[in-house]
S.K.: 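Take this structure, written in structure tokens, and hold onto it; I'll ask about it next.
Labels below follow one simple rule: chain letters A, B, ... track the order of the sequence lines, proteins then strands, and each chain is numbered from 1. Note: hydrogens, waters and symmetry copies are ignored here, and every other heavy atom, side chains too, is used. Please read all numbers here as calculations on a predicted model, not as lab measurements.
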Number of protein chains: 2
Amino acid sequence: MTIDPNLDATQIRQGVLHLSRRLRAEKADNELSDGQFSVLACLYRHGAHTLGGLAEHERVSPPSMNRTVNCLEGSGYVERAADPTDGRRVLISLTPEGHDMVARTVVQRDAWIDTRLRDLSPEERETLTRAAEIMRRLATA
Amino acid sequence: MTIDPNLDATQIRQGVLHLSRRLRAEKADNELSDGQFSVLACLYRHGAHTLGGLAEHERVSPPSMNRTVNCLEGSGYVERAADPTDGRRVLISLTPEGHDMVARTVVQRDAWIDTRLRDLSPEERETLTRAAEIMRRLATA
DNA sequence: ATAACTCATTAGTCTTGCTAATGAAATAAG
DNA sequence: CTTATTTCATTAGCAAGACTAATGAGTTAT
């Protein structure tokens with residue numbers, strides 16, 4: 001593997017990281033940490049998870065995730081339920097409030113982008129949309 | 001402002017956030033938290049800052065930044081120096097080790113992108129590079 | 001000289017990352 | 001069926017990072 005990245009890669013890294021940092025500031029509840037929101041987003045996108053599954057998905061230890069879930073439960077955004085298929089497991093799912101809060105954040109972020117897309121030319125807009133698809137592919141590679 | 005984002009915005013949000021999340025996992029020192037690395041990156045990009053300046057840039061309180069800087073100083077990545085123009089201020093700057101670590105991370109991230117760019121067509125590659133420039137603009141708007 | 005402001009630091013609290021330990025439930029082995 | 005092992009969530013202890021409140025030193029204004 002080469003250690004000599006070219007300018008394209010540098011430009012792309014900067015563009016992606018800067019824009020993402022800006023986007024991540026757009027949240028419907030600014031009291032939530034990034035980690036907390038990430039858990040909610042995962043549940044929103046993929047549905048209920050076991051606590052261990054969440055820990056694995058977020059790449060943290062189960063005790064850490066238990067801590068995070070405790071706070072989210074306290075905020076009324078998630079609830080715990082016993083897994084009917086395995087008495088050791090705990091299923092975590094979004095409450096209606098949690099679902100609503102994530103949805104509002106998604107809308108807020110999309111609106112943020114949408115507003116700024118209006119200042120772009122149709123070509124620039126299409127460039128971004130095309131790039132988005134490519135980025136999605138890269139992220140899962 | 002409309003509350004009805006369209007599909008373009010959604011695609012862009014997902015592409016950017018997913019790819020950035022993947023990129024942020026590439027670090028030369030995996031013991032560093034995102035917040036710690038962000039401070040180092042700021043110093044790398046803009047040079048020495050006052051502690052208060054760093055706090056403002058990272059949008060945290062000065063005591064929080066003091067804590068973070070304490071850890072980074074302990075890791076040998078930053079050093080404190082009195083500001084010659086104002087006896088109250090503390091200037092934070094990268095040590096050679098800190099500078100080296102950030103540089104290695106930048107290289108690592110660019111290499112990660114570069115490797116994957118090779119699997120793209122020239123058109124796709126150009127799309128991404130063009131998009132990067134647009135994203136940089138959006139992020140600063 | 002004094003008052004007001006600026007700056008970094010400490011203390012206390014809560015959250016989140018870790019590892020170690022624990023107990024309950026499930027599975028495998030005898 | 002009993003016992004041993006594995007799986008899972010939870011608690012405890014520690015360190016780091018977010019906050020606010022308080023403090024002391026340095027600077028500026030009056």
S.K.: Using the side-chain contact (heavy atoms from CB on, under 4.5 Å) rule, pick out the option among B:Val78, B:Leu54, B:Leu91, B:Val90 that qualifies with B:His49.
M.R.: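 Among B:Val78, B:Leu54, B:Leu91, B:Val90, the one meeting side-chain contact (heavy atoms from CB on, under 4.5 Å) with B:His49 is B:Leu54.
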S.K.: Tell me whether the side-chain N or O atoms of A:Arg67 pair up with the base of D:dG13 as donor and acceptor below 3.5 Å, since no angle test is needed here.
M.R.: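 A donor-acceptor contact between them is present.
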S.K.: Give a yes or no on whether B:Tyr44 and B:Met101 share a hydrophobic cluster (residues Ile, Leu, Val, Met, Phe, Trp, Tyr; joining criterion: side-chain heavy atoms under 4.5 Å apart).
M.R.: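 Yes.
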S.K.: Would you say D:dT27 has OP1 or OP2 under 4.0 Å from some side-chain N or O of B:Thr85?
M.R.: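 Indeed not, no polar side-chain atom of B:Thr85 lies that close.
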S.K.: Rounded to the nearest angstrom, tell me the gap between atom CD in B:Gln36 and atom P in D:dA16.
M.R.: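 Taking atom P of D:dA16 as the reference, CD of B:Gln36 is at 8 Å.
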S.K.: Between D:dT20 atom C1' and A:Glu31 atom CD, what is the distance in whole Å?
M.R.: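 One finds 13 Å between C1' of D:dT20 and CD of A:Glu31, rounded.
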S.K.: Please tell me which of the listed nucleotides, D:dT27, C:dA26, C:dA8, lies nearest to the side chain of B:Val90?
M.R.: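 Looking only at heavy atoms from C-beta outward on B:Val90, the closest nucleotide is C:dA8.
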S.K.: C:dG23 C1' sits how many Å from A:Arg89 CZ, rounded?
M.R.: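 Interatomic distance, CZ of A:Arg89 to C1' of C:dG23: 18 Å.
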S.K.: Closer than 4.0 Å, any side-chain N/O of A:Ser33 to the OP1 or OP2 of C:dT15?
M.R.: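 It does not, given that no N or O in the side chain of A:Ser33 lies less than 4.0 Å from OP1 or OP2 of C:dT15.
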S.K.: Please report, rounded to the nearest Å, how far the C1' atom of D:dA12 is from the CG atom of A:Asn70.
M.R.: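 One finds 14 Å between C1' of D:dA12 and CG of A:Asn70, rounded.
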S.K.: How long is the line joining CZ of A:Arg80 and C1' of D:dT10, in whole Å?
M.R.: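 Answer to the nearest Å: 9 Å.
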S.K.: Which whole-number value in Å describes the distance from A:Leu32 CG to D:dC19 P?
M.R.: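 Rounded to whole Å, this separation is 15 Å.
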S.K.: Just the rounded figure in Å: distance from P of C:dA8 to CD of B:Glu56.
M.R.: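 After rounding, the reported distance stands at 11 Å.
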S.K.: Would you please test A:Glu124 and B:Arg137 for side chain to side chain contact (heavy atoms under 4.5 Å, CB included) and show each step?
M.R.: CA-CA 12 Å; A:Glu124 285 175 325; B:Arg137 257 193 286 145; 2.8 Å; yes
